[in-house]
Enquirer: 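Okay, here's the structure, questions in a sec.
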Amino acid sequence: MKSISNLRSNNLRHNIIISAVCMIVSAILYTAGFFSFSENKTYDMRMQFAAKYKLPCDDIALIVVDQKSIDWAQENYGWAWPWPRQVYADIVNFLSGGKPESIAFDIIFSEPSLYGENDDFAFALAEQKSGCVIQTAYCTDLDNKEAQKDDICKMLEPVEIIRQNAAMLGNITSSMDDDDVIRRSIIGSQINGRFYPSLGMAGLYMHGNQPDVSNIPLQSDGTVYLRYQKSLNDYFPYSAKDILSSYYDMQAGRKPLFSPEDFDDLYIFIAYYAPGIFDICSTPVSQVFPGVGVHITTLDNFLTNSFIKKLPDTINCLWIFTATILASLTIAFAFLGNSTRKMAVCLTLGITAGLAILIGLPYILFIQNYWLILTAPLFAYLLTLIVNISFKLSVEGKQKRFIKTAFSQCLSKEVVNQIINDPSSFTLGGKSYEMTAIFTDIRKFSSFSELLSPPQLGSLLNYYFTVMSEIIIQEHGTIDKYEGDAIVALVGAPVKMNDHAQRACRAAIKMKLAEKSMNDFIEQTAAGTKPANMEQDLYDAFTLMIKNEKSIFTRIGINSGEMIAGYFGSENKKNYTMMGNNVNLASRLEGVNKHYNTGGIIISEFTYQYLQKNYDNTGRTSKMPSSKMPSSTMPFIVRKLDRVQVVNIQTPVQLYELIIDENLSDYINRWNKAKDAFDKKEYNQAYQQFSLIFEECPDDGVTQYYINLLEKYFLKGTYPLEKNNEGIVYLPEENIFRLTQK
């Protein structure tokens, strides 16, 4: 199995590969037209959004034959529908009284008038006098692609007399996309050997003029993308009723509503606008857009230079590439830290920012008339995210399984979960922690080895380790290793803890209490028959222990401070362990219990200071007897021992015994007073106080130790030397004891 560091080292390479593949796939799909339909729909959405930022061109006017005009004509002049063409002649005559640029009819007069030849003649005469009327032509071979390709389309044109007197014919043939939406328009078409400008552009070709179309962003098929208004009403259409009324008022000598000069220099379009008679087109801004609006938009876009400019495929492919880079950066930053919460926040913020850029920029550019593709980059972005996240989760799952395998046997579930959520809480190869080390050992275990067979000894140790390890793990400690009958553990790594000293001391007290329960259980079990669920070897071990008056007594050494913890070993064999001088001190303190005949737990002054510091940080007073300091769940009772140099460690350290029975608080306070007298070299006073205490508690091995020390040496004016083989040497100048035995 690869280590986590190896898995992480490949993340960047995998990220690059995944991003490159996603980019290539997206670019291929884009060039193959896979996104055409969805891109057109987002084009329409952008058009609707951008329409409110487009002002209509002031050089265009629209006159509509609306329902109001039809009703007015019927009521006042008895004109049935369709109107006589003389009516359109009147409109042309009125407008031609000024100087319009052009008068374009979006109406096909392809059949003779129902009112006779004179009606067509009257209209043709008005055209002739005006000299700027544009009539409509229409290609009837819309479904015949080959005919259009070969320029042999059949054109539907006005009747001959109207066609001949028109200044120009304008082509109203539309350019629909596959979804029947008109997003584009033609500028002009060469059909049957004749050039037909579109109706919208025809006014620019009047009187032999040739507009400069070199800057128009033409597509390969000769079309151009249009920039629509929100509605045709943005051009403030004039009603045909008002135009005709103004003309008739002028003829009658009355003041007209409008004058011909109002239309000077304007490109005028005339179209049906009453329900049921005007042609309806589907455009990006509306599914019921009047057809004349397409032609007006074409002219508007030319005059205002606002045609939509589709960016080249090279830029669009670079935009797809940018999308995959954004996704890759999002993934890279999200998985940079290993906290699940931070990862979720980074992913949320990153994805939100990425989507805002990929969607926002095309919208912003669209307002400026540039069409940057949206769906293909969005697809590339989401694809890169999904594939990368799926891959990362797969890798993370592998890492989590690795962590669970590595730590489930020696860590609490809470700590394992915390490591899984934040793998940075431990570092392969070692990391410095402020933590507490625990060393345990069973007193005279060699006698157990002589007494029990290997299977019995193994069963006993498994029983013992199971109980003791569970206690350490409950306090969020980590089992470093088992060495014979010893347990080596640490608290405060791989997850940092501020209360590591408290937890270690709580674990030690619980272990000593569990020890008593174990001994009671061993005695009760050995006195009866073997329980059905107990191994025979374990039962036999219990009975031999009781028969030979053996019991379990655990000695524990605890020290706190800066230590190194991490995975050490080879690539194939590694172990999570700790090292450092503070670790060595903890291992020495376990054996010091034997010298002082303690109840089983010795802590260093450094652990003691951590307990005090943790207590002081609660905000409560620290002015209390040093023998009793509460933890979060139980009080800690300690008694001061000596300032000692342990074997192989030159720096002296003050030792304390951690008392198991919290009911001994008053006893320990009196004991500490006796010890203070001893430290001040008031040996007679110390002896008297120790003697009184010993009478009260004759099983106190530590008190017995000091009484013996006083009687043999200090009361006689001497002190233990190395030649006395006491296991200690007293250094009076420094008032410390140097241990000579482990």
Side-chain angles (χ1 to χ4, degrees), residues 26-56 173-187 198 200 215-232 234 280-291 293-302 304-323 326 354-383:
S26 301
I28 291 174
L29 291 176
Y30 164 68
T31 54
F34 180 79
F35 301 104
S36 296
F37 179 80
S38 58
E39 185 65 25
N40 282 339
K41 295 308 176 184
T42 63
Y43 178 98
D44 297 346
M45 294 169 63
R46 280 174 276 176
M47 184 67 72
Q48 295 167 23
F49 172 78
K52 56 179 173 287
Y53 299 103
K54 175 74 171 69
L55 297 176
T173 306
S174 60
S175 297
M176 291 184 182
D177 290 326
D178 293 339
D179 55 359
D180 294 333
V181 176
I182 299 177
R183 301 180 180 89
R184 297 170 291 124
S185 174
I186 59 172
I187 299 301
S198 69
N215 293 325
I216 294 178
L218 287 173
Q219 302 303 303
S220 59
D221 60 356
T223 61
V224 64
Y225 283 96
L226 301 176
R227 171 77 181 270
Y228 285 93
Q229 301 288 137
K230 298 189 300 295
S231 167
L232 195 59
D234 290 348
I280 296 175
C281 299
S282 180
T283 67
V285 294
S286 174
Q287 293 182 347
V288 287
F289 199 77
V294 176
H295 312 302
I296 291 175
T297 300
T298 304
L299 178 60
D300 180 311
N301 288 179
F302 178 84
T304 60
N305 191 28
S306 57
F307 287 114
I308 296 297
K309 304 172 183 65
K310 186 176 182 180
L311 295 176
D313 285 344
T314 53
I315 293 179
N316 286 324
C317 287
L318 285 175
W319 184 228
I320 294 173
F321 172 72
T322 302
L326 286 174
L355 292 176
I357 293 172
L358 293 174
I359 296 174
L361 186 58
Y363 268 80
I364 293 172
L365 289 177
F366 205 89
I367 296 174
Q368 305 301 321
N369 305 321
Y370 291 99
W371 179 12
L372 179 66
I373 60 172
L374 191 155
T375 53
L378 193 61
F379 173 84
Y381 180 76
L382 295 176
L383 179 65

Enquirer: Can the ring centroids of F366 and F49 be said to lie less than 6.0 angstrom from one another?
Expert: no

Enquirer: Taking only residues two or more places apart in sequence, or in another chain, which ones meet W319 in a ring pair (Phe, Tyr, Trp, His ring centres under 6.0 Å)?
Expert: none

Enquirer: Do any pairs count as a salt bridge (Lys or Arg N to Asp or Glu O under 4.0 Å) and have a residue in residues 304-314, sequence neighbours left out, and if so which ones?
Expert: none

Enquirer: Got a second to check how far T297's OG1 is from L226's CG, nearest 0.5 Å?
Expert: 6.0 Å

Enquirer: Can you sort out the partners of F302 under ring pair (Phe, Tyr, Trp, His ring centres under 6.0 Å), two or more places apart, ordered by chain and number?
Expert: none

Enquirer: Once ring pair (Phe, Tyr, Trp, His ring centres under 6.0 Å) is applied, do any residues pair with F37, and if so which ones, sequence neighbours excluded?
Expert: none

Enquirer: Do E39 and L374 have side-chain heavy atoms sitting under 4.5 Å apart?
Expert: yes

Enquirer: Return the minimal non-hydrogen interatomic distance between I308 and M47, and the atom names on each side.
Expert: CG1-CE, 4.2 Å

Enquirer: Is any side-chain heavy atom of S282 less than 4.5 Å from a side-chain heavy atom of D180?
Expert: no

Enquirer: So which atom in L358 and which in A323 form the shortest heavy-atom distance, rounded to 0.1 Å?
Expert: CD2-CB, 3.7 Å

Enquirer: Once you round to the nearest 0.5 Å, how far does OG1 of T31 lie from CD1 of I28?
Expert: 6.5 Å

Enquirer: Would you say Y363 has more than 12 foreign heavy atoms packed within less than 6.0 Å of its OH?
Expert: yes

Enquirer: Please report the shortest heavy-atom distance between Y30 and I320, naming the atom on each side.
Expert: CB-CD1, 4.0 Å

Enquirer: For the side chain of S231 and the backbone of D234, is there at least one donor-acceptor N/O pair under 3.5 Å apart?
Expert: no

Enquirer: Do you know which two heavy atoms are closest between T304 and S306, and how far apart they sit?
Expert: OG1-OG, 2.7 Å

Enquirer: Salt bridge (Lys or Arg N to Asp or Glu O under 4.0 Å) for K54 and D300? Distances and angles first, verdict last.
Expert: CA-CA 10 Å; K54 175 74 171 69; D300 180 311; 2.6 Å; yes

Enquirer: When rounded to the nearest 0.5 angstrom, what is the spacing between OH in Y370 and CD1 in I315?
Expert: 9.5 Å

Enquirer: Does atom CD of Q287 have more than 12 heavy-atom neighbours, drawn from other residues, nucleotides or ligands, at distances under 6.0 Å?
Expert: no

Enquirer: Where do P217 and V224 come nearest, in terms of heavy atoms and distance?
Expert: O-CG2, 3.8 Å

Enquirer: Would you call K41 and T375 a side-chain contact if the rule is heavy atoms closer than 4.5 Å?
Expert: no

Enquirer: Would you list the pairs meeting salt bridge (Lys or Arg N to Asp or Glu O under 4.0 Å) in which at least one residue belongs to residues 216-227, sequence neighbours left out?
Expert: R184-D221

Enquirer: Ring pair (Phe, Tyr, Trp, His ring centres under 6.0 Å) with Y225: which residues, sequence neighbours excluded?
Expert: Y43, W371

Enquirer: Quick one: pull up CZ in R46 and CG in L372 and give me the separation to the nearest 0.5 Å.
Expert: 7.5 Å

Enquirer: Please tell me if the side chains of Y381 and I359 come closer than 4.5 Å, counting only heavy atoms from C-beta onward.
Expert: no

Enquirer: Apply side-chain contact (heavy atoms from CB on, under 4.5 Å) to I296 and L232, showing your working.
Expert: CA-CA 9 Å; I296 291 175; L232 195 59; 3.9 Å; yes

Enquirer: Which heavy atom of R183 sits nearest a heavy atom of P284, and at what distance?
Expert: CG-CG, 3.8 Å

Enquirer: Determine whether a donor-acceptor pair (N or O, by modelled atom type, separation under 3.5 Å) exists between the side chain of S26 and the backbone of A376.
Expert: no

Enquirer: Check whether any side-chain heavy atom of N40 sits under 4.5 Å from a side-chain heavy atom of V181, and report yes or no.
Expert: no

Enquirer: Can you tell me how far the CG atom of L29 sits from the CZ atom of F35, to the nearest 0.5 Å?
Expert: 5.0 Å

Enquirer: To the nearest 0.5 angstrom, please state how far the CD1 atom of I373 sits from the CG atom of L311.
Expert: 9.0 Å

